[in-house]
Amino acid sequence: MQSSNSGDVRYDDPWYDALASGWGESADTGTPAVAPSAREEARAAADVYLEVQRSEAFQEVRSRYRRFVVPAVVIFFTWYVAYVVTATTAPEWMARPVAGAVNAGMLAGLGQFLTTFLLTWAYARHARLRRDRAALDLRWDTQELARGKGDAA
């Protein structure tokens, strides 16, 4: 989205361009800040990510993810194994004609492709509606925490 008076482009993604936002520069001079030691920086980053991981918002995003993915994987894997087992143990059933040269095995095989596409669509929709906004908020919070820890170091 463009601001009305400067023509600068503003991106809503906090990770888009960290250096352009002033991250890594001291606030008073505009010159690069003295970098903390690698050990201090790693410790500060670990503290930030542990804090985010323990947060209620992160736990909610993970819970929403698991509530969709676990049943979807179980259902899809069961359907896949059922197809393979049926194809190997009941070839006469899979060879049963349905319409012309099309048999039950062909329909079941095409059903595998169809369910793969449907599952991909359902996952993308679920992520967009139930997790993306919360995950983006977590990214913003993480950046702010990391900025605060970097200033403290």
Side-chain angles (χ1 to χ4, degrees), residues 1-4 6-24 35-36 38-151 153:
M1 98 178 68
Q2 293 207 347
S3 62
S4 58
S6 69
D8 294 332
V9 177
R10 179 180 172 273
Y11 292 94
D12 288 332
D13 185 352
W15 299 101
Y16 180 74
D17 193 354
L19 291 177
S21 69
W23 198 5
R39 176 175 273 160
E40 290 171 357
E41 195 171 291
R43 189 176 310 126
D47 292 344
V48 166
Y49 288 106
L50 285 173
E51 187 175 335
V52 170
Q53 186 179 11
R54 292 179 185 128
S55 73
E56 188 175 320
F58 180 83
Q59 296 304 320
E60 180 62 26
V61 170
R62 293 291 296 166
S63 175
R64 290 177 184 178
Y65 172 79
R66 287 184 187 120
R67 282 194 306 254
F68 179 85
V69 169
V70 171
V73 166
V74 168
I75 290 167
F76 186 78
F77 187 71
T78 302
W79 160 230
Y80 174 75
V81 169
Y83 171 73
V84 171
V85 168
T86 304
T88 56
T89 60
E92 61 283 345
W93 186 86
M94 295 292 259
R96 190 174 69 199
V98 174
V102 177
N103 61 27
M106 292 171 90
L107 289 179
L110 290 173
Q112 291 285 314
F113 285 103
L114 179 63
T115 55
T116 300
F117 291 120
L118 287 173
L119 183 60
T120 302
W121 170 81
Y123 177 81
R125 183 175 186 274
H126 180 268
R128 186 180 67 249
L129 295 176
R130 309 255 186 228
R131 293 191 326 267
D132 285 354
R133 170 60 28 207
L136 184 59
D137 290 343
L138 276 170
R139 289 173 72 184
W140 279 103
D141 294 345
T142 304
Q143 181 185 16
E144 291 303 315
L145 285 170
R147 230 182 241 176
K149 297 282 185 184
D151 291 344

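The analysis underlying the following values was restricted to heavy atoms, covering all of them including side chains, and did not include hydrogens, waters or symmetry mates.
- Closest of all the heavy-atom pairs between Ala72 and Leu119 is CB-CD1, 3.6 Å.
- Taking a 6.0 Å sphere around CZ of Phe76, one finds it holds more than 12 heavy atoms contributed by other residues, nucleotides or ligands.
- Between the Thr86 side chain and the Ala82 main chain, a donor and an acceptor come within less than 3.5 Å of each other.
- A salt bridge links Arg64 to Glu60: one of the charged nitrogens lies within less than 4.0 Å of a carboxylate oxygen.
- Val61 pairs in a side-chain contact (heavy atoms from CB on, under 4.5 Å) with only one of the listed residues (Leu138, Asp132, Asp137), which is Leu138.
- The aromatic rings of Phe68 and Tyr123 lie tilted to each other, with the angle between the two planes from 30° to 60°.
- Around CZ of Arg125, the count of heavy atoms belonging to other residues, nucleotides or ligands within 6.0 Å does not exceed 12.
- With sequence neighbours excluded, no residue forms a salt bridge (charged side-chain N to carboxylate O under 4.0 Å, His left out) with Arg62.
- In this structure, the side chains of Trp79 and Gln112 come closer than 4.5 Å at one or more pairs of heavy atoms.
- Taking CG from Leu118 and CZ from Phe113, the interatomic distance works out to 13.5 Å, rounded to the nearest 0.5 Å.
- Atom CD of residue Glu92 and atom CG of residue Asn103 lie 12.5 Å apart, to the nearest 0.5 angstrom.
- Here the OG-CZ distance, from Ser63 to Arg131, works out to 11.0 Å after rounding to the nearest 0.5 Å.
- Listed here is the closest heavy atom pair of Met106 and Val102: SD-CA, 3.9 Å.
- One finds the OG1 atom of Thr116 at 15.0 Å from the CH2 atom of Trp121 (value rounded to the nearest 0.5 Å).
- The two atoms that bring Trp93 and Ala104 nearest to each other are O-CB, 3.7 Å, heavy atoms only.
- Atom CD of Glu56 has 12 or fewer heavy atoms from other residues, nucleotides or ligands within 6.0 Å.
- Rounding to the nearest 0.5 Å places CG of Leu110 at 10.5 Å from OG1 of Thr115.
- Side chain of Gln59 to main chain of Arg54: no donor-acceptor pair is present (N/O by atom type, distance under 3.5 Å, no hydrogens or angles).
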